Amino acid sequence: MRTLVPDTVGLKPAIERAIDIAAPVTQWHGIVSNKIDTEPSLPPQPWLAHYPEKVPATLNYPDFPAWGFLAKTAATYPDRIACHYYKQHLTFAEVAAEARRVAAMLVKYGIRPGDRVGILLPNMPEYISAINGAWMAGAIAVALSPLSVPNEIDNILTATDCRVVIALDLLAPLVLKGNYKPRHIVFTTLQDRLPGWMRLGYAFARMRRLGFWPPLDGPNQHDFHDELAQCRPLLQPVVPASLSDAAYILPTGGTTGAPKAVTLSHRNLVANTWQLFAWAEGEVAQHTSISVAPFFHCFGLVGNLLCGTALATTQILLHRFIPRVVVQLIEQHEPTTFSAVPAMLASLNEIFRLKPLRTRKLQHVQVGGAPLDPKLAEEFTRHTGAEVVEGYGLSECSPCVTAGPLSGNARSGTIGLPLPDTNVKIVDAETGELTLPPGEVGELVVQGPQVMLGYWNNPSATAQVIRNGWLHTGDLATIDRDGFLKIVDRKKDLIITSGFNVYPCDVEQILRRFAGVADAAVVGVPNPNYGELVKAVLVMKSDARFDRRTFDAFCKENLAAYKRPKIVEIQTADLPRNFLGKVLRRQLREPVPTNPSPGTSTTHISPTQRREEALVAALRE
């Protein structure tokens with residue numbers, strides 16, 4: 001028998017050569033063209049006939065490392081505002097100068113080309129200077145999620161041997177509690193820039209986590225701005241020996257001892273940024289963007305930070321998505337573009353129903369990270385006047401593969417068209433060798449300059465997904481005769497909730513440690529606002545009694561917020577399995593029957609749960 005247990009917390013969402021950074025903008029279009037090698041078996045490309053008029057089928061790519069976009073824009077538009085963060089604003093020249101100081105600081109700490117530097121920051125100005133500074137020092141930047149728990153961060157730092165970590169002071173415990181000890185930890189803070197009511201909350205949270213004293217304790221812990229004040233900007237940033245050298249490591253799983261991590265090169269990041277630049281038709285220095293998609297995720301890094309820099313876009317930063325604050329920022333700054341996940345649009349729609357938006361300047365909203373409900377997009381368009389287009393990507397592709405056209409001919413329910421120089425095809429899911437005709441469901445495979453180098457120190461895992469020059473995405477899709485694609489289902493068991501990837505086996509390993517649990521399985525269940533919710537099915541030992549509040553506290557201690565189960569079912573029988581013993585996750589995704597027969601599930605929605613959900617909804621406002 002399976003029993004649904006109410007949620008007690010509700011839903012929350014070496015220098016080889018110098019580069020001429022003062023060269024004319026026209027030279028951005030490149031000396032080196034990294035086009036895909038053609039082969040007889042390449043499929044036809046019907047999508048090219050439906051490209052916006054100004055978007056070319058193939059591109060010439062800038063011949064510089066990932067930091068080149070900031071250097072070029074700072075040289076061309078030095079006085080244009082690069083970013084706002086509440087009352088703070090910085091020009092591109094100021095951000096570039098700070099990035100060079102970060103590079104000088106890292107070189108002082110002993111960072112050499114190829115060394116890893118972890119960045120544990122939310123969306124704030126320091127993120128832009130930190131990651132560009134790491135690249136200018138020749139380092140490989142490692143994305144560290146503020147949503148992680150100490151064990152996850154420790155595993156990532158150990159696996160990548162991060163020598164330096166740049167972190168927010170409030171997140172210090174994530175680094176300091178682990179067994180791995182970076183050579184240097186540099187802390188910055190939001191305390192001095194937040195509005196008054198947030199500043200009090202930040203101070204309280206800081207005191208609760210760190211005590212009355214700042215986290216600086218010992219010669220290897222430093223204050224970010226104090227350190228930069230002592231450094232002269234690095235005059236000659238490091239240019240990698242090859243643009244195919246690694247630039248960015250993005251962990252894709254973290255609770256096991258050897259997390260799998262996507263490794264992207266400078267060429268990958270530059271190519272994907274340039275593809276998006278071309279898709280936006282190169283409208284330089286004309287846009288303002290709301291940047292709340294996390295920079296520690298590929299979607300936010302490339303779609304906002306890098307592409308926004310290439311386009312000389314003024315970015316309105318927010319350290320986390322707070323719906324009513326986002327509305328205030330939209331009305332204050334009147335942005336023209338916004339990159340979001342569906343859950344963000346759902347939350348904003350709730351506000352707009354009660355209070356209409358006072359500006360109609362928003363033009364385009366690019367949505368990714370999770371399937372987009374067409375009704376959700378239509379409502380957002382009614383409230384804002386913006387065109388909402390859906391795209392598709394995965395970390396292994398830097399991440400963008402497709403995007404909806406911005407010329408007014410995007411097709412609802414599709415993920416758009418492949419980006420320039422991107423080849424896709426649909427192959428049979430069993431062998432991956434037979435190319436399927438339009439309309440048939442199969443696995444989506446991708447080829448292009450944005451496809452990753454591989455998984456960090458994991459050649460066997462790399463070989464499993466990159467075969468014969470094609471990246472096998474694990475997603476089941478269709479393509480129509482015009483080249484528009486649609487995701488049908490996932491071949492993998494990956495759960496995507498609010499744009500974040502959740503790997504069931506990682507969560508299951510943790511849940512099996514909870515007292516009284518004999519076995520556990522985790523699946524994703526569809527949700528119109530969040531894409532999917534994490535659902536756990538627990539098999540309890542015969543003498544064990546399950547308490548949801550204790551379980552939630554355990555999950556809070558051991559799992560990042562987005563990985564915690566929002567739906568919990570208790571099952572007395574073993575998990576459903578096939579003849580090989582594999583858990584049949586499809587059956588576990590099925591809703592619990594309202595009137596169960598003996599041996600099946602029952603649903604319990606208590607008045608307490610309803611009150612708690614109402615309270616959470618009120619607090620989100």
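Treat the numbers as computed from the prediction; the structure is a model and nothing was measured. Here, residue 1 is the first one in the sequence, and each next residue gets the next number.
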Review point. Do any N or O atoms from the side chain of Lys181 and from the backbone of Gly178 form a donor-acceptor pair under 3.5 angstrom?
Key: yes
Exercise for review: Using the side chain to side chain contact (heavy atoms under 4.5 Å, CB included) rule, pick out the option among Ile111, Thr160, Val186 that qualifies with Val117.
Suggested key: Ile111
**Study point:** Parallel, tilted or perpendicular: rings of Phe69 and Trp274 (30°, 60°)
**Key:** parallel
Revision key, fill the gap. Taking every heavy atom of Phe295 against every heavy atom of Tyr127, the minimum-distance pair comes out as O-OH, 3.5 Å
Exercise for review: Looking only at non-hydrogen atoms, find the nearest pair between Val367 and Val341 and report the distance.
Suggested key: CG1-C, 4.2 Å
Review point. Would a distance-only check, ignoring hydrogens and angles, find a side-chain to backbone donor-acceptor pair under 3.5 Å from Gln366 to Gly391?
Key: no
Practice item. With sequence neighbours excluded, tell me which residues meet side chain to side chain contact (heavy atoms under 4.5 Å, CB included) with Gln88. Key: Tyr85, Leu90, Pro125, Arg193
Practice item. Kindly indicate whether the side chain of Leu559, heavy atoms from C-beta on, has any atom under 4.5 Å from the side chain of Leu511. Key: yes
Check your understanding: Any side-chain heavy-atom pair from Asn179 and Thr158 closer than 4.5 angstrom?
Key -> no
Practice item. Measure the spacing between SG of Cys400 and CG of Leu394 and express it to the nearest 0.5 Å. Key: 10.0 Å
Review point. Can you tell if the side chain of His383 reaches within under 4.5 Å of the side chain of Arg353, non-hydrogen atoms only?
Key: yes
Review point. Only one of Asn304, Leu318, Thr337 forms a side chain to side chain contact (heavy atoms under 4.5 Å, CB included) with Ser291, so which one is it?
Key: Asn304
Check your understanding: Quick one: does Leu372's side chain get under 4.5 Å of Val388's, heavy atoms only?
Key -> yes
Check your understanding: Looking at Arg183 and Asp161, does any basic side-chain N land under 4.0 Å from a carboxylate oxygen?
Key -> yes
Point to revise | Check: Tyr248 side chain, Ile131 main-chain N or O, donor-acceptor pair, under 3.5 Å | key: no
Practice item. Measure from the side-chain N and O atoms of Thr497 to the backbone N and O of Glu532, and report whether any donor-acceptor pair falls under 3.5 Å. Key: yes
Review point. Can you tell if the side chain of Pro150 reaches within under 4.5 Å of the side chain of Leu174, non-hydrogen atoms only?
Key: yes
Practice item. Measure the shortest side-chain to side-chain distance between Ile128 and Leu305 over non-hydrogen atoms and say whether it is less than 4.5 angstrom. Key: yes
**Study point:** Sidechain-backbone polar pair: His266 side chain, Ala66 backbone, donor-acceptor under 3.5 Å
**Key:** yes
Review point. Do the non-hydrogen side-chain atoms of His319 and Tyr202 ever get within less than 4.5 Å of each other?
Key: no
Check your understanding: Only one of Lys361, Gln363, His287 forms a side-chain hydrogen bond (donor to acceptor under 3.5 Å, both in side chains) with Thr336, so which one is it?
Key -> His287
Exercise for review: Name all residues meeting the side chain to side chain donor-acceptor pair (under 3.5 Å) criterion together with His222; count only those two or more places apart in sequence or in a different chain, and write none if there are none.
Suggested key: His184
Review point. Closest approach of His297 and Gly499, non-hydrogen atoms and distance?
Key: NE2-O, 3.4 Å
Point to revise | Over all atoms of both residues, closest heavy-atom pair of Thr309 and Gln315 | key: N-NE2, 4.1 Å
Review point. Is the backbone of Ile140 close enough, under 3.5 Å, to the side chain of Arg116 for a donor and an acceptor to pair up by distance?
Key: no
Check your understanding: Under 4.5 Å between any side-chain heavy atoms of Leu168 and Pro146, yes or no?
Key -> no
Check your understanding: Can you tell me if Asn155 and Glu152 form a side-chain donor-acceptor pair at under 3.5 Å?
Key -> no
Exercise for review: Report the distance from atom CD of Gln275 to atom SG of Cys307, rounding to the nearest 0.5 Å.
Suggested key: 10.5 Å
